[in-house]
> 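Take a look at this one; I'll ask things after.
The basis for the numbers below is simple: all heavy atoms, side chains too, and nothing from hydrogens, waters or symmetry mates.
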Amino acid sequence: MEQRTPDRGKSNGLERAEERIVDSVVGRTPQEQRIGDVERYIGLFAGGICLVAWRSFSRPFVIFQRQCQVNRDASSSFSIFAPLSTIGVMSNIASYQGSPSLWGGLGGELVVIGMQGVSENLLNESRYLPKSLSDVTGVAMFVGHLANRCVGFLLSSPFYAASVVQSVQSHVDGDTPTVLNCIKSGIARIFGWESHSRHFVPLYVTAPICVAYSLLQYCTETVVTACINRFTSLAHTGDSNTAESSILSVFYPQLLSGTISTTVSSVLLYPLQTVLHRLIVQGTQTVIDNTESGLGCVPVHTTYSGFIDCWQSTIQEEGWSGLYKGFSSLLLQIMLGMAIMQAAKLFFTQFAQDIQTGRQQ
C-alpha cells in the first residue's frame, strides 16, 4: 500500500492505527470506550506537539545554516565539522543582536506552508489532481498527484525566496521581518517590482530550481517513509490490540518515520539547497551575520549567472566542501530531533502503561 509523508496529512499507517484503536474499544463499556478515544487523540496530539517543537527549537540552527550556505567567504571546515563551535558563534549572535534574531523569518515560513496548502486543496477538487497518494489508482492519477505538488511548489516559490532572504538577513539594525513583509516581497518578486542590483537572479530562473528541489525532497521523504512504515508494520504484525501496541508500536513509528525521512532528504539534497539559496539571495543587497565569529555582519556578494555557473564556480573556488557549508548546523538539528524523539518515546511508553492500568481498574 502506498504511503504519505507525515507533514502532508495522515499516512495510511496512521489510519491503520486509528482503526486498530477503534476496533479495540468495540464491545467495551462506555468508560473503556472513552479510554480508547483518549488514547487515540492524545497520541495524535502528542505527535503534533513533537513536530512543532522540533521545528521551533531547530529554527536558530536553520537560520545559521542558511547564512553559512550563502556566505562564500566563510571557512568550509568550520561550518561543516565544528558543531560545538557553531553553538558558540550562535551564542555570540544572540548576545550581539538579542535572542529574537535567531527566530527571524518564521512568519515567512508559515506563509509558504499556507500557500502550498491552499493551492493543493484547490487542485484536489479535481479527481485527476489528487493531493493524497492514497487516492492514486493509476499512472495518470500519479502524474496528476505530482502535478498537484508541483503547482503548489511553483506558487509558493516567490514567497519561499522572500522567506529565505528574511531568515538570513542580519538584525543588527533592529529591523524585524514580518509576515506582511514576506507577502509584499513575494508579490514584488513575481512582478519584478523590487529594486535590486544588476546581479539579481529573476524568478523565472529560481522558480524551476525551487520546484525541482521541493519535488525531489517530497519524493525522497515519501519513499523513506514508505520503507520505514512497511518495516514497522511487518515488525508489529502479530501485536495485539493493547494500548501499548496501538500507541508505542504505531504512533511513535509514524512520528519517527517523519523525522528520519526529513533528515535523509535534507542530507541528500544539501548541495542543491546551497545553490538554490545562493541564487535566491544574490543581488538582494542582503547583509548577513558574521558566521565565523558571530560579531558584526558581512555583505553577500556573488555574481552567478545561473544554476550551472553557481555549482561549478562553488566547486572551483571553494571545493566540494563549499556545497556543504553550514552542514554542522544541520547535524545539530538532527541531534535535536533525536532528543525530541527519545522524549516522545518515553512519553508514549508511560502513557501506554497508564492507559493499560486504567483499563485494569
Side-chain angles (χ1 to χ4, degrees), residues 3-18 20-21 38-65 83-84 86-87 90 102-103 106 109-110 113 217-237 239 242-270 273 326-356:
Q3 306 291 335
R4 299 172 56 188
T5 55
D7 59 340
R8 306 293 180 179
K10 289 183 180 178
S11 65
N12 291 340
L14 200 53
E15 292 171 353
R16 287 197 302 271
E18 294 183 2
R20 292 171 61 184
I21 294 173
V38 170
E39 176 184 330
R40 176 176 55 173
Y41 292 120
I42 290 186
L44 293 172
F45 178 76
I49 290 296
C50 289
L51 293 177
V52 171
W54 188 28
R55 282 186 173 272
S56 301
F57 293 137
S58 65
R59 182 63 184 177
F61 302 123
V62 172
I63 292 178
F64 188 76
Q65 169 193 322
L84 295 181
T86 295
I87 296 178
M90 294 174 62
L102 297 177
W103 274 268
L106 186 58
E109 299 290 340
L110 298 179
I113 296 174
Q217 184 182 43
Y218 170 70
C219 291
T220 302
E221 291 179 359
T222 300
V223 171
V224 174
T225 300
C227 292
I228 295 176
N229 288 342
R230 178 62 176 172
F231 174 79
T232 54
S233 64
L234 291 176
H236 299 287
T237 299
D239 287 351
T242 63
E244 186 170 358
S245 117
S246 56
I247 289 289
L248 184 60
S249 301
V250 178
F251 284 107
Y252 175 72
Q254 291 295 322
L255 184 61
L256 184 63
S257 66
T259 304
I260 294 176
S261 63
T262 301
T263 299
V264 171
S265 66
S266 298
V267 173
L268 293 180
L269 301 176
Y270 196 91
Q273 185 189 64
F327 194 77
S328 61
S329 186
L330 178 60
L331 295 178
L332 291 172
Q333 295 174 51
I334 295 173
M335 289 188 284
L336 176 62
M338 292 173 61
I340 292 177
M341 291 305 102
Q342 186 61 33
K345 184 176 181 179
L346 293 176
F347 168 80
F348 281 123
T349 301
Q350 184 61 46
F351 180 68
Q353 293 175 352
D354 292 342
I355 289 292
Q356 191 66 27

> Closest approach of Ala53 and Ile340, non-hydrogen atoms and distance?
C-CD1, 4.0 Å
> If you measure from CD on Gln333 to CH2 on Trp54, what distance do you get to the nearest 0.5 Å?
7.5 Å
> Verify salt bridge (Lys or Arg N to Asp or Glu O under 4.0 Å) between Glu109 and Arg55, making sure each step is shown before the conclusion.
CA-CA 11 Å; Glu109 299 290 340; Arg55 282 186 173 272; 6.0 Å; no
> Gln273 versus Gln217: any side-chain heavy-atom pair under 4.5 Å?
no
> Hey, what do you get for CG (Leu269) to SG (Cys219), rounding to the nearest 0.5 Å?
10.0 Å
> Nearest 0.5 angstrom please: Thr263 OG1 to Glu221 CD, how far?
9.0 Å
> Within a radius of less than 6.0 Å around CE of Met338, do more than 12 heavy atoms belonging to other residues, nucleotides or ligands occur?
no
> Please report the interatomic distance CZ(Phe327) to CG(Leu332), rounded to the nearest 0.5 Å.
11.0 Å
> What's the separation between atom OG1 in Thr259 and atom CD1 in Ile334, rounded to the nearest 0.5 Å?
11.0 Å
> Using 0.5 Å steps for rounding, measure from the CZ atom of Arg230 to the OG1 atom of Thr225.
15.5 Å
> Between Val224 and Ser261, which heavy-atom pair has the shortest distance, and what is it?
CG1-CA, 3.7 Å
> Side chains of Leu331 and Thr86: does their closest heavy-atom pair fall under 4.5 Å?
no
> For Ser265 versus Thr262, what's the shortest heavy-atom pair and its separation?
OG-O, 3.0 Å
> Other residues, nucleotides and ligands only: do more than 12 of their heavy atoms fall within 6.0 Å of CZ on Phe57?
no
